[in-house]
Amino acid sequence: MTEDDLRQLIGRVKRGSLSRRGFIRRMAAVGLTAPMATQILAVAGAAPAMAQSVPAYRPTRAGGGGALKILYWQASTLLNPHFAVGTTNQDSSRVFYEPLAGWAADGTLHPILAAEIPSVDNGGLSADGRSVTWKLKRGVKWHDGQDFSADDVIFNYEYARNPAVASTSSGSYRDVNVTKVDDHTVKVEFAQPNPFWADAFVASVGMLIPKHLFKDFAGSNARDAPTNLRPVGTGPYKFTSFAPGDLLRGERNENYHLPNRPFFDTMEIKGGGDAVSAARAVLQTADYDYAWNLQVEDEILKRLEAAGRGKVNVIEGGAIEFIQLNATDPTREVDGERAHISTEHPAFRDPAVRRAIALLLDRKSIEEFIYGRGGPATGNFLNNPPRFRSPNMPMEFNVDRANQVLDQAGWVRGRDGVRAKDGVRLRFVYQTSVNAPRQRTQQILQQAARRAGIELELKSVTASVFFSSDVANPDTFGKFFADMQMYTTTMPQADPQRFMNQYVSWEVSQKANSWQGRNIVRWRSADYDAAFRAAEGELDVVKRAALFIRMNDLIVGSNHVIPVVMRPTVSGSLNTLRPAISGWDLTMWLLSDWYREG
Amino acid sequence: MTQYLIRRLLIAIPSLLGISVILFTVLALAPGDPFEELATNPAIPPEVRMQLRASLGLDDPIHMRYFAWLTSMLRGEWGFSFVSRIDVDQLIMQRLPTTLLVIGTSQIVALAVALPVGVLAGTRPYSTFDKVANTLAFVGFSLPTFFTGLLFILFFSVYLGWLPFVYRTNIAGSGLPWVWEHIKQMIMPVMVLGLFQGAALVRFVRSAVLDVIRLDYVTTARSKGLAERRVVMKHVVRNALIPVVTLIALQMPIVFGGAIVTEQIFRVPGIGSLLISAILSNDTPVIMAVTFVFSCLVIFFNLMADVLYGWLDPRISYR
């Protein structure tokens with residue numbers, strides 16, 4: 001099926017001469033899954049009413065739901081979304097503050113403080129891709145009774161991009177220009193045509209704080225704003241009390257801008273402790289309604305679930321655990337810099353070695369014995385939303401084939417069983433952070449590699465060191481002074497542009513950028529760069545998806561990056577609770593729609 | 001005496017300075033920064049992280065950072081947490097009441113168990129009671145608190161369902177039910193800590209009593225025909241407790257410092273859990289403040305112990 005055929009079919013669905021079901025069936029006939037077909041329809045503008053992307057909300061009146069008790073094993077420490085360094089703080093802020101739109105579980109946008117999602121059809125998106133016009137919902141009030149208006153949106157733009165404020169959200173606001181059209185309309189302009197327009201004012205970076213309470217603290221005194229700890233937002237719950245690192249409480253907002261919401265009278269988020277006991281408090285003793293991010297062995301979760309009180313929610317997103325094979329030589333110094341970009345890795349420059357290591361990774365066993373539901377094996381780097389998933393990257397675990405590949409390439413086993421060629425031995429340092437599942441994955445690969453004459457030296461670094469941006473430390477993942485390393489990278493938006501810039505040549509992590517570049521594996525490809533540049537300006541959604549699939553195939557096909565397992569978010573909730581969760585946005589992204597049944 | 005106090009206080013200044021230099025250098029040399037989670041998030045450009053580091057002064061040389069910290073500390077400004085951007089003294093004050101309540105109660109429990117058991121065991125050495133008490137004490141201080149804590153949770157919370165294992169600071173209501181809820185959630189953490197410390201204290205009290213009870217003046221008191229009860233309470237215990245009091249005084253800083261492991265298991269929002277989360281997120285100002293306050297308390301209570309010792313034991317004099 002060619003692109004033209006696809007377009008004709010989509011056109012027929014839009015005109016109504018082909019049913020959506022008929023379309024999906026035809027797609028299935030050519031090997032596209034139903035979710036992918038729905039996605040294609042959705043992005044091509046033939047989507048059904050937006051309501052499908054979020055779960056149905058049943059309560060017929062607001063309030064009366066009692067208390068909602070949520071458990072986070074990491075405690076939130078502040079309530080200003082522009083200062084949040086991690087998801088815990090963003091989640092806590094999200095209870096009170098709302099963005100214009102959020103990402104639903106299927107990777108589509110869902111309006112929150114926007115009246116509608118901008119599109120070319122409703123005039124929100126300009127045809128040249130240079131601007132997006134957001135219409136704000138009318139009649140929304142801050143918790144203190146003031147009106148929410150375009151001035152607040154503009155204020156957030158100025159606040160976040162001000163270097164004196166030192167906000168963590170500044171990256172989304174630096175390169176855009178936001179202007180007020182009228183009291184309920186704002187226009188975001190881009191320097192270049194931008195297919196990825198849903199960043200500023202959307203989801204975790206888009207939470208809006210009130211101008212009237214922050215305007216005197218929009219500079220280097222931002223830290224002194226009393227509202228930092230006593231949020232006044234537009235969200236479904238109003239602030240009651242907050243003890244940093246311990247407990248956050250809220251009560252129902254009677255003037256919430258959606259009918260019949262929220263359901264609960266009060267809500268609390270208790271922080272601290274560990275993931276296992278959090279799972280226990282929900283699944284086994286039912287003391288709490290919901291437990292966030294249960295990074296616990298699946299075996300334990302299953303045993304706790306057997307109590308029959310709660311269930312585990314597995315929500316797919318884009319996060320992926322993967323292995324990198326260094327493209328540069330970490331042992332040689334050029335101009336005082338290890339792994340200099342001008343060097344080549346002595347062994348990994350041979351595609352046969354990279355292919356052999358990919359063949360030696362037993363992803364099925366890693367899924368089955370280590371991660372369970374929390375880590376489905378995958379052969380792709382870019383897995384979600386489904387419209388971007390490549391069908392071309394098979395996973396194979398085959399030790400014999402790996403041996404064969406290495407034999408053919410002339411790597412001969414030495415007396416100690418380790419292969420070598422031209423004085424280069426297949427002996428690699430394989431590093432990751434200290435984390436039980438990662439150490440077990442390392443061992444699985446080490447054992448398989450030994451059978452193919454490759455010796456892996458395992459190294460594990462404390463997480464706070466491994467993931468730090470400390471320029472003085474040689475063990476950070478950004479420096480990657482090892483042959484191989486493994487970690488999880490997250491994908492906070494349903495659009496892959498930010499995610500796939502990890503392999504463009506201008507992002508190479510090196511001394512010149514204090515090892516802050518995003519291309520940590522230091523792999524470079526002109527084809528990849530070209531595809532990425534094309535995707536950056538490609539406004540046609542179908543062509544753009546094809547470009548990202550090509551990028552995935554290029555990097556995964558090179559075997560410099562070996563995907564291991566996807567990391568969906570795993571949480572626990574009582575059987576009676578109906579949480580609305582999305583893998584593309586914060587846990588609290590639709591707290592207004594949580595309710596209890598039965 | 002006054003002279004002695006002044007001298008001791010003056011000696012304390014250089015030692016506190018030394019402690020702060022060592023703490024600060026170790027923390028500055030330790031790798032990592034508070035922005036770990038930003039590093040793997042592709043939506044946040046690295047420049048943002050670099051700018052954050054610079055705005056918090058993390059890129060300045062160590063000695064400049066130390067003097068900046070010291071001068072503001074001398075002015076009474078404790079700095080603010082990198083992670084929550086709240087003043088450190090506020091954070092500590094929020095945690096202090098819970099810490100004092102839970103850890104203080106556990107110290108009282110430890111004393112209430114250790115004193116009678118230790119004295120009884122010491123006055124009847126090698127009796128059955130002594131043997132049982134000794135065995136239990138050994139078991140008690142051999143089992144780490146994280147183990148007994150989990151054991152308690154499994155038995156009392158999961159199996160019996162009697163006690164909650166998540167410590168809550170927002171218990172609603174008033175009057176007796178409110179007090180009872182508080183007591184209920186405190187039982188497990190207090191018992192875990194109290195029994196652990198009590199077990200060690202039992203051994204100490206017993207040996208102190210044993211040391212004293214063999215002395216000649218006790219034999220004299222007995223031969224005068226004094227009642228055994230009077231001999232033990234007035235002549236033995238009073239003297240045996242002098243070293244015990246010192247030990248307790250030296251343990252007092254712990255009451256303020258919290259108990260890292262136990263607080264983590266039961267989610268008690270005390271100083272210990274503040275310290276551990278600050279360490280895990282490389283939140284230097286908080287770590288510095290908590291450890292520095294802790295070292296001040298250690299020095300202060302050391303002095304207290306010395307003064308108390310002289311007051312209890314008139315043979316000691318200060319010059």
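Order of the sequence lines fixes the chain letters, A, B, ..., with proteins taken first and strands second; residue numbering starts at 1 for each chain.
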Requested in this report: State plainly whether the residues A:Asp287 and B:Arg168 are in salt-bridge range, i.e. N to O under 4.0 Å.
Outcome: no
Decide if atom [atom1] of [X] counts as having more than 12 heavy atoms of other residues, nucleotides or ligands within a radius under 6.0 Å.
X: B:Leu176; atom1: CG; value: no
X: A:Arg230; atom1: CZ; value: no
X: A:Trp506; atom1: CH2; value: yes

Can you confirm whether [X] sits close enough to [Y] that some side-chain heavy atom of one is under 4.5 Å from a side-chain heavy atom of the other?
X: B:Pro269; Y: A:Lys270; result: yes
X: B:Arg267; Y: A:Ser277; result: yes
X: B:Val158; Y: A:Gln284; result: yes

Report summary line: CZ (B:Phe82) and OG1 (A:Thr77) are apart, to the nearest 0.5 Å, by 13.5 Å
Query raised in the report: Could you give the distance from CD1 (B:Ile153) to OG1 (A:Thr285), rounded to the nearest 0.5 Å?
Result: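 If I round to the nearest 0.5 Å, the distance is 10.0 Å.
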What part of [X] gets within 4.5 angstrom of chain A, counting heavy atoms only: side chain, backbone, both, or neither?
X: B:Leu91; result: side chain
X: B:Gln94; result: side chain
X: B:Ile279; result: neither

Tell me, for [X] versus chain B, whether the close heavy atoms (under 4.5 Å) come from the side chain, the backbone, both or neither.
X: A:Val276; result: neither
X: A:Ala307; result: neither
X: A:Glu268; result: side chain
X: A:Ser167; result: backbone
X: A:Leu79; result: neither
X: A:Ile520; result: neither
X: A:Phe466; result: neither

Query raised in the report: How close do B:Arg95 and A:Asp246 get, heavy atom to heavy atom, and via which atoms?
Result: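 So the minimum-distance heavy-atom pair works out to NH2-N, 4.4 Å.
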Report task. Check B:Ile86 against A:Arg223 and note the closest heavy-atom contact, atom names and distance. Result -> C-NH1, 4.3 Å
Query - Most contacts with chain B, counted as non-hydrogen pairs under 4.5 angstrom, among A:Pro244, A:Gly245, A:Ser170 - result: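 Heavy-atom pair counts peak at A:Pro244.
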Query raised in the report: Between the side chains of A:Arg280 and B:Ser157, does any donor sit under 3.5 Å from an acceptor?
Result: no
